[in-house]
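Written below as structure tokens is the structure these notes are about.
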Amino acid sequence: MKRRPSGGLLDRDRALRFSWDGRTLSGFAGDTLASALLGNNVSTVGRSVAQGRPRGVMSAGLEEAHAFAQIGEGGATEPLVRSTGVELYEGLVARSLSIRGVLSPETDSGRFEKRYAHADVMVVGGGPTGIAAALAAGLQGARVVIADEGPELGGALLRDRYLIDGRPAAEWVRAAGLMLAGLPEVRVLPRTTAFAALDQNGIVLAERVSQHLPIADRSGLADRRLWRVRAKQVILATGALERPLVFPDNDRPGIMLASAARAYLHRFALTPERIVVFATNDDAYRTVFDLHDAGVVIAAVLDARDEATGGLPRKARQAGFEIETGAVVTGTIGDQDGVLQAVRVARLAGGGERLVPCDLLAVSGGWDPNLNLHQQRRGATRWDDRLATFLPGAAVPMQTIVGAANGRYGLNDCLVGGREAGLAAAAALGFAGTVVPAPSAGDEAEGEHASVWHITAPDGDESRSFIDLHRDVTVAGVTRALGAGVRHVEHVKRYTLIGTGVEQGRSAKVNAGRAVAGGIGLDFAQVGVSSGRPPAEPVPFALLAARSRGALFEPVRTTPIHPAHVALGAVFEDAGQWKRARYYPRPGEGMSEAVVRECLAVRNGVALMDASTLGKIDVQGPDSAKFLDRLYTNRIGTLKPGRARYGLMCRLDGVVFDDGVVMRLEPNRFFVTTTTGNAGPVMEWMEQHLQTEWPDLRVWLTSVTEQWATVPLVGPRAREVLAPLVVGMDLSKEAFPFMAVKDGVVAGLPARVARVSFSGELAFEVSVAWDQGLALWDALLDAGSAYAITPYGTEALDVLRTEKGYIIVGQDTDATTTPADAGLEWMIAQDKDFLGKRSLERPAMQRTDRKGLVGILPDDPGVVVPEGCHLVADPNEATPMTILGHITSSFVSPSIRRSFGLAMVTGGRARVGQRLYAPMMNGAPAVTIVDPVFYDPKGARRDG
Amino acid sequence: MLLIRCPWCGEREETEFRYGGQAHIATPRSDVDDASWARFLFHRDNPAGPFAERWVHIHGCRRWFHIVRDTLTHDITRSYLPSESPEDAG
Amino acid sequence: MADSEGMAVRLQSLPQATQVGFRVTLASQMSAANALGIPALPGVNRFIGAGGLLVLWLGPDEWLLIAPDGMVEWESRLRNAIGADQGAVVDVSANRVGFELSGPAARDVLASCCALDLHPRAFGPGGCGQTLIAKAQVILAQTDLETYRILVRPSFANYVAAWLEDGVAGVQGHAKADL
Amino acid sequence: MHPNEHALHNPEFLWRNPDPKPSYDVVIVGGGLHGLSTAYHLARNHGIKRVAVVERGWLGNGNAVRNTTIIRSNYLRDESAALYEHCLKLWEVWTEELDYEILFSQRGVLTLNHNLHEVREGHRGMYSNQLNGVDSEWLDAQAVKEFCPIVNTSADLRYPVAGGTLQRRGGIARHDAVVFALARAADRLGVDLIQGCEVTGFDIQRGRVTGLVTTKGRIGAGKVGLVGAGRTPLLARMAGIEVPLQSAPLQALVSDIVEPMLPCVVSNALHVYVSQAHKGELVMGAGRDPYTSYAQRGSFHILEDQMAAALQVFPIFGRVHLLRTWAGIVDVTPDASPIVGITPVEELYLNCGWGTGGFKATPGSGWVFAHTIAHGAPHALNAAFSLDRFETGALIDEHGASVAVH
């Protein structure tokens, strides 16, 4: 095509250079990549997927099936972008592409943003219908969002010559745009595509924020922005898409949709020299008028209908155009590059062909309402014979479909329909009363659309008659599928790959359905088309992730003592979202040395750790004890104020859910702890039962996990370290026995001190206000310096508790473990009910061959058998072997100076004394099953 | 992506809530037989159509409540308190 | 902490405050209000500021009192007013930290990470609610036309601040580009 | 391979489209992959000639078209490992047996672990697999990088890759080709594939099923196998059987076509489940929505979270386009393991509850179910997967191994 010296919606003062397959070309501001290529006489923009045939630009918009390019450079390289939607910018780098995109491993600095918005009325589509709707609703005072994929509002009015209220439509668009801009509650979003329709009128938009700007001007700006709109009412003014026709060699560069030819003329000032227009409906006649007026030779006007009696054909005849009704294109001729040179024309009724030379063939197979968003909500469609397309059935609740999207193609219908929809949507929300202008246009009487979609190949070879232009699927391909026995369009799709391209077969769907219907002699209305699913337009992964990258991806939760851990050189582990100190290596130490040192400090001296991540719940109310008795497997109600008890909880199915310490502060007030990972779930579990099962109980819960920072001070010297820091608190074992809890002052800080121990050693667990945690830590470290106080991490804790045979829920237990399996049958109260108790009575829970917790001692005391290893009786058995259990915790114990661990094995403690094997790829170390308490079995050390 | 009306806080995005399964399941006495207990633990209506279910506004007021949601369309027709029955809720 | 003075929006940390959470039955709500010196406890999605105190609705039987730092006596005052059988009172002063986001673009910043409808027709000064900023639960209260208070658990504070700062950067980037 | 090449492999003939006969020895309700596989194995392994599959929609309109096509057998529980390993062994011979290019490609399935707990569980699964005869090996972060260079193994990640377990025999197959292959094979063995035929009721005489009421009339049946995936509870209820299933949306998505670069990678902690199809598109599974639904769409935030997580592991995917998303209805049991076996109604059999993991089970599911129907009793491989386990409490809980159970 050639660029005309003037005209179009181009800024001729801004010439832009861009690169295409390494060649430097130029266009104007206002061009798309597609129009710029056409303006540079690049007619072949890629090769087809399967057959490698040359392909050109066939549309000016969403219908595009050929012109996909890879654009951008470095980390911003984006594969498979539709050239008809890419606005040209200075320095654009683009490459042709037919099959696969190539990704860049470089870092992408593009900023993809997300924004939430709320609207009374969301208008999708900024053509005449959408503008009229947004204006009507906006003038009533409703909060309106209107989005359109183009760089400016106008839609079809930008490509067609219409009059509104007797004036050029562009004037109305401009005036309406100004009015919309003046309404404070209206948000106009150009360059914005609505790509997903969610439940309850959630509409998701993709806005191209800076992609049209030269790279240098994008600094600080988002590349794209994801809008999550919640709308009370949705108006779908999404227009209609023009459909190609199927005939031999219908895929050449130079064959274009009829409306696209007008768009290239009016928006981009591009014209061919000789055009053939091949119509099946009245709208295509606009192409005849407009291109003729632009000086293009109208080589032929073919109309597949037997007669063309609508307003536009009549006008065309009056203007002297020769219209050949009942005439069709039966083939095309290309030059050595495959680019269109001439078309073969014949009468449908039969007779000879003639050749008509031309450099553009404009085709219109009719129009399909763009109903993707409607279909995403599973809105129904119905076949309409008169328009030969699918129209929407009933709209989904709180939505309206208007204008061309509803099969009302006339401009006046669009303006009236849009305005009425806008008023109705506003009125439904209580906005009414303002007088809203009622624009009008004179619609031509429209003739029926032809049902013709396919011109049979004169030579019977249907392998060049393309239905899906992107996927290279032909009539022959569909025929072959039907011959194989497939009937359903979804099977045809899968057999042929129709509709699976980047454009999701948008322009191919209806013709594919008709091919199937024709092939098996069914009514097309019953065959249907495959449904629309999100996204309506492809969107980059990065847009959906938006800002949830890097530091914003997930919270990093730390305790108030975290800076101290960092200063001590701690190695951290992730515990859910928390960072916990795993161990504190000193110079030259690896993990094992550090852990040994930390363990020995606990056993022989004094040590401290940060236990602030434990979940904490304040339980108050007269029924608190009754409530906790129903939750925990063991008895809580008998606990005396000032005392604490280890507690265990089951799920309803009897599986161990969580454990922790329950402290009774006052007769009607408890303080319970949970594991770090279950802080939220336990709180929810408690609230759920209070609210839904036992609303009669007077109990109130407050999550205080981050009200309290907790530091256990542990080891035989702990009492000595703590003593100088407390005021009026007798720390002796008589006055402050094991499992007692007292409120008081530690290091000048209001504190709660509990004598609970997860290591078997003397321990004072000190809790202070969260923001005072670091002060407490420093004070304890300071006070303990004379005793070589040692910070220890979760790894040492794991060794210490394993030495005592204490389980960690989720490590030594899994989703099948009952309290008895975990060796905690003593915690099951027989004289009360609790959540999960009934499940424990089921036959499978009572079997004696269930897995139970045991200790293991490897034969070789220097070998730590890895956690997760499975145990068998016969290491030489062929696979699949008879698995008896697995090792859940496994370490070297500095206290008993050998490797040891815990395991879950069938039969549990009945196997004590047995020798089992842990087969791995490189051997099968033997272990002996023992009682799971390895250290201080009598509990003699807990009082120091 | 549901928009759910919390009976207290009003309409909020689904991400603020947690699903709690079918509503109005009575906990049986603990002396029922294994079959009845299994039904309570594991069997839930799974209708294609209106379904009374529990949600909790976990990131809001933390209250449990019920809604009636059509599992075919995701349309939500009622939102009501646990103390109410699906019939008497407006 | 981004302190973007002079720009369309400003984010700052709030000083420490006494915070007391209380749950109270219908029977004792008037006593609680009396103790606080307000005519009634604030209703759904609202808060009341009076005499240096803020009282925020958190749920149908749950409120949060925010008082100047050090006024720990509010815990026992409220407990006495409510009565042990009619509710619970818990000192949660350390359980949340506060931010203030202010300026003409404050609502835009929140729209980048919070799905709540903050339009004056839907929210506005005196409004409060518990909601999400990105994946973190917060209490959000609008104190005047362009000012929001955000209360968050301390372990989520950095994360929430990062999201808000990122929202500020977005707003400022676009504002600069418009110049 | 060329992106369109496989379309050219499709054979000239797939299946007949017969009208239903008045009666069959066995009628399989549900023409998804498991139904087709069952019918195929009934005819092939057990010589039952008069078999029909009735399908309310079109063949394969179930898990077949809504999954990530990942095939692996590295399940934690012994019962599961045995069943899925049986499946994998069948996959390994199916291309030949079915005489159809189903593009089964053993490119490996890598399961990433991101913290100590996951590493422990990863090891547990690996050792269990090895003893069960399922290939599994441990890759540390460096080896992960070598196996799949586009994985981000930087320590700066919020949840850095600590390592992973690799099942080299795992891989993918082309889902549509499997539907065509099975349907053709069943058709060749005389199975009647009856599409557009919805079951509206059962004839049950004295506790024994004798036929079906369908939209194409009554069909007599000596035995009936229910393989209705997410619709099973509705079907079973017509026969008076309560099945503990919840039907929930499982979302998946496909990207545009990019150069090949990927084996199959799973990250449970991040809910990433990705493979690359033969054409070149990335196929990803997202998390399951928690609520009951038949709407065939899930919640958008699941996709957003999925993408954010995917870009943690694969930053190179940032500008790949999301082309199409969908949500299948998955039937999930309380223990995330299937139910395959007898029911309280005589000669009525049940195969359901594959949840998010059904595609990979296609061969073995049909194999054991056909055995169960033919013998009136389960095979040793599916004996544990009984309906009555929910009453006894003998669950086969796979949650322990896999958070996002696919």
Side-chain angles (χ1 to χ4, degrees), chain A residues 111 113-118 120 143 185 209-210 213 217-222 225 228 230 546-548 550-560 562 577-578 612-613 618-622 624 666-669 698-709 750 768-773, chain C residues 16 19-25 61-62 72 79 82 84-97 108-119 121-123 134-137 152-160 162-163 165-167 169-178:
Chain A
R111 181 181 167 94
E113 283 183 354
K114 177 159 134 184
R115 236 184 116 96
Y116 295 94
H118 304 263
D120 293 319
R143 296 164 67 191
E185 298 301 343
V209 179
S210 66
L213 299 174
D217 294 354
R218 299 183 190 179
S219 158
L221 289 177
R225 190 184 285 129
R228 288 275 301 273
R230 278 288 179 194
R547 302 302 298 151
S548 294
L552 302 182
F553 171 61
E554 278 256 308
V556 179
R557 300 177 70 186
T558 57
T559 75
H562 189 75
Q577 293 173 328
W578 290 100
S612 305
T613 60
D618 180 286
V619 183
Q620 292 188 46
S624 296
E666 295 162 22
N668 291 333
R669 186 172 190 184
R698 287 195 171 207
V699 179
W700 296 278
L701 309 173
T702 309
S703 166
V704 288
T705 297
E706 299 189 40
Q707 171 64 24
W708 297 95
V768 298
W770 188 265
D771 51 342
Q772 294 166 346
Chain C
Q16 182 125 7
Q19 302 178 62
V20 180
F22 57 101
R23 306 276 300 266
V24 49
T25 63
D61 68 350
E62 184 172 12
V72 288
R79 181 167 295 124
I82 289 167
D85 290 357
Q86 298 298 324
V89 181
V90 185
D91 173 17
V92 287
S93 299
N95 211 23
R96 290 190 184 88
V97 296
D108 284 345
V109 170
L110 285 168
S112 72
C113 53
C114 177
L116 208 58
D117 186 359
L118 299 175
H119 189 277
R121 290 180 193 168
F123 203 76
K135 289 177 182 163
Q137 195 209 6
V152 57
R153 310 267 175 196
S155 69
F156 288 98
N158 287 342
Y159 171 79
V160 166
W163 270 94
E165 284 168 2
D166 185 75
V171 165
Q172 290 174 346
H174 292 282
K176 261 184 260 167
D178 286 345

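Just so we're on the same page: letters track the sequence lines, and every chain starts at 1. These values consider heavy atoms only, across backbone and side chains, with no hydrogens, waters or symmetry-generated copies.
With respect to chain C, the highest number of heavy-atom pairs below 4.5 Å among Gln772(A), Arg228(A), Glu554(A) belongs to Glu554(A). When Arg96(C), Gln19(C), Glu62(C), Arg79(C) are compared by the number of non-hydrogen pairs under 4.5 Å with chain A, Arg79(C) comes out ahead. Ranked by heavy-atom pairs under 4.5 Å with chain A, the list Ala84(C), Ala115(C), Ala122(C), Ala169(C) is led by Ala115(C). Heavy-atom pairs under 4.5 Å with chain C were tallied for Gln707(A), Gln620(A), Arg698(A), Glu666(A); the largest tally goes to Gln707(A). Most heavy-atom pairs under 4.5 Å with chain C, from the set Ala551(A), Ala769(A), Ala222(A): that is Ala222(A).
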Decide yes or no on salt bridge (charged side-chain N to carboxylate O under 4.0 Å, His left out) for Asp166(C) and Arg111(A), but give the supporting numbers first. CA-CA 11 Å; Asp166(C) 185 75; Arg111(A) 181 181 167 94; 3.1 Å; yes
Stepwise side-chain contact (heavy atoms from CB on, under 4.5 Å) test for Asp117(C) and Arg230(A): CA-CA 9 Å; Asp117(C) 186 359; Arg230(A) 278 288 179 194; over 6 Å; no
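Of the atoms belonging to Val619(A), not a single heavy atom falls under 4.5 Å from chain C. Interface remark: Val704(A) contributes backbone and side-chain atoms alike to the contact with chain C (heavy atom separation under 4.5 Å). For a residue to count as touching a neighbouring chain, one of its non-hydrogen atoms must lie under 4.5 Å from one of that chain's; by this rule Ala134(C) does not touch chain A. In this structure, the portion of Asp61(C) lying under 4.5 Å from any heavy atom of chain A is its side chain and not its backbone. Interface remark: Ser548(A) contributes backbone and side-chain atoms alike to the contact with chain C (heavy atom separation under 4.5 Å). Interface residue Arg143(A): backbone and side-chain heavy atoms are both found under 4.5 Å from chain C. For chain A, no part of Ala136(C) is nearby; none of its heavy atoms comes within less than 4.5 Å. Heavy atoms of Trp708(A) lying under 4.5 Å from chain C are absent altogether. Residue Val160(C): no heavy atom, backbone or side chain, is found under 4.5 Å from chain A. Heavy-atom distances place the side chain of Asp618(A), and not its backbone, under 4.5 Å from chain C. Contacts between Leu116(C) and chain A at a heavy-atom distance below 4.5 Å involve the backbone alone (N, CA, C, O).
Between Trp700(A) and Gln86(C), the shortest heavy-atom distance links the atoms CH2-C, 3.5 Å. For the pair Thr558(A) and Ser155(C), the tightest heavy-atom approach, listed with the atom from each and the gap, is O-CB, 3.7 Å. For the residue pair Arg121(C) and Asp120(A), the shortest heavy atom distance occurs at NH1-OD2, 3.6 Å. Closest heavy-atom contact between Tyr159(C) and Phe553(A): OH-O, 4.3 Å. Contact detail for Val90(C) and Arg669(A): the closest heavy-atom pair is CG1-NH2, 4.1 Å. Contact detail for Asn95(C) and Ser703(A): the closest heavy-atom pair is ND2-O, 3.1 Å.
Around CG of Asn158(C), the count of heavy atoms belonging to other residues, nucleotides or ligands within 6.0 Å does not exceed 12.
Rounding to the nearest 0.5 Å gives a distance of 3.5 Å between NE2 of His174(C) and CD of Glu113(A). Rounded to the nearest 0.5 angstrom, His119(C) NE2 and His118(A) NE2 are separated by 10.5 Å. To the nearest 0.5 Å, the span separating CH2 on Trp770(A) from OG on Ser93(C) amounts to 15.0 Å. Interatomic distance, SG of Cys114(C) versus CZ of Arg115(A), reported as 12.0 Å (0.5 Å rounding).
Between Gln577(A) and Phe156(C) the shortest side-chain heavy-atom distance falls below 4.5 Å.
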